[in-house]
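Contents: one structure, followed by commentary.
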Amino acid sequence: MELLEWMMPMLNEDGGNVNRRSKPRHLLGIADEPSIIGAVRNGVDTMDSCYPTRLSRHGTMLSREGKIHIKSGRYSRQYGVPIDRECQCSTCLHYDRPYLWHLYKANEPVFMQLATIHNLQYMNDFMKEQRKLILEGKI
């Protein structure tokens, strides 16, 4: 974040014939929520990352309660509990933690698809909240 905090004011300066403030600012490879919050607060407009899909491949799902490392046996008996109770993705609406735990342990490829669907929805919800805060003037 220090580099971004140093760079962004320079991108706001008038660049001669180029109006830099009218150009969107895109950041590649930004990943976790604290980094995204920092980037948004520093004026980054768009970003992309493999973070949610990479986490999915390694058995980690994002939730409002923190990361869920599905390989842990503690999720094997949490019947009826979705990954994130507030999430409206198809994974959370149709599958519970024990089923996803089973798929992961059985090396079923469908686990990665279900986890990716969830993680992408989680990140979309997170970014929706960031946009709301911008429009409310809180960022």
Side-chain angles (χ1 to χ4, degrees):
M1 272 312 106
E2 290 177 31
L3 180 61
L4 193 58
E5 290 169 0
W6 177 74
M7 286 288 300
M8 291 310 288
M10 287 186 269
L11 294 176
N12 288 329
E13 294 173 1
D14 187 11
N17 295 333
V18 178
N19 182 357
R20 292 182 182 154
R21 281 175 260 178
S22 68
K23 304 284 184 191
R25 295 168 186 107
H26 184 77
L27 186 60
L28 295 170
I30 199 69
D32 59 354
E33 293 118 301
S35 298
I36 290 172
I37 290 169
V40 169
R41 290 192 173 154
N42 279 291
V44 173
D45 299 306
T46 60
M47 55 201 83
D48 62 46
S49 173
C50 66
Y51 182 69
T53 54
R54 182 173 8 103
L55 286 178
S56 299
R57 288 191 305 273
H58 296 284
T60 300
M61 290 179 274
L62 301 166
S63 85
R64 286 155 185 86
E65 299 169 7
K67 292 179 185 172
I68 303 286
H69 303 284
I70 203 71
K71 57 186 138 192
S72 172
R74 69 179 172 181
Y75 301 114
S76 67
R77 301 211 186 283
Q78 293 183 357
Y79 300 108
V81 179
I83 294 303
D84 188 326
R85 294 179 197 274
E86 295 180 41
C87 184
Q88 294 298 306
C89 76
S90 59
T91 301
C92 288
L93 293 176
H94 301 313
Y95 305 103
D96 62 6
R97 291 176 181 188
Y99 182 66
L100 294 166
W101 175 83
H102 158 72
L103 292 175
Y104 181 80
K105 288 297 190 177
N107 292 317
E108 289 286 344
V110 73
F111 168 80
M112 286 184 274
Q113 291 173 318
L114 293 173
T116 296
I117 288 167
H118 168 74
N119 282 348
L120 290 174
Q121 181 65 54
Y122 175 86
M123 293 304 289
N124 283 334
D125 291 346
F126 179 75
M127 292 308 298
K128 183 178 181 180
E129 181 63 25
Q130 295 302 303
R131 286 189 300 274
K132 180 182 167 209
L133 293 172
I134 291 168
L135 292 173
E136 292 173 352
K138 295 179 179 176
I139 295 181

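All figures in this text were calculated on a predicted structure; none of them were measured in a lab.
In this structure, CZ on Arg57 lies 6.5 Å from SG on Cys50, to the nearest 0.5 angstrom. Atom OG1 of residue Thr116 and atom CZ of residue Arg54 lie 12.0 Å apart, to the nearest 0.5 angstrom. Between the CZ atom in Arg41 and the CD1 atom in Ile134 there is a gap of 10.0 Å [rounded to 0.5 Å]. Interatomic distance, Ile36 CD1 to Glu33 CD, rounded to the nearest 0.5 Å: 6.5 Å.
Cluster membership for Met127 and Leu120, using ILVMFWY side-chain heavy atoms within less than 4.5 angstrom, is not shared.
Side-chain contact check for Lys67 versus Leu62: some heavy-atom pair is nearer than 4.5 Å. Two residues are said to be in side-chain contact when any heavy atoms from C-beta on lie closer than 4.5 Å; Leu93 and Gln88 meet this criterion. Met123 is not listed as a side-chain neighbour of Asn119, based on a closest heavy-atom distance of 4.5 Å or more.
Nearest heavy-atom pair across Gly73 and Ser76 is O-OG, 2.7 Å. Shown here for Gln78 and Pro98, the closest heavy-atom pair between the two residues is O-CD, 3.2 Å. When all heavy atoms of Lys71 and His58 are compared, the pair lying nearest together is NZ-O, 3.7 Å. The two residues Pro82 and Gly80 have their closest heavy-atom pair at CD-O, 3.5 Å.
The number of heavy-atom neighbours closer than 6.0 Å to CZ of Arg64, taken from other residues, nucleotides and ligands shown, is above 12.
Checking side-chain atoms of Ser63 against main-chain N and O of Asp84 turns up no donor-acceptor pair under 3.5 Å.
Cluster partners of Met112, using a side-chain heavy-atom cutoff of under 4.5 Å among ILVMFWY residues and allowing indirect links, are Met61, Ile68, Ile70, Tyr75, Ile83, Tyr95, Tyr99, Leu100, Trp101, Leu103, Tyr104, Val110, Phe111, Leu114.
Applying the side chain to side chain donor-acceptor pair (under 3.5 Å) rule to Glu108 yields no partners; only residues at least two apart in sequence or on another chain are considered. Not a single side chain to side chain contact (heavy atoms under 4.5 Å, CB included) links Asn107 to another residue, sequence neighbours left out.
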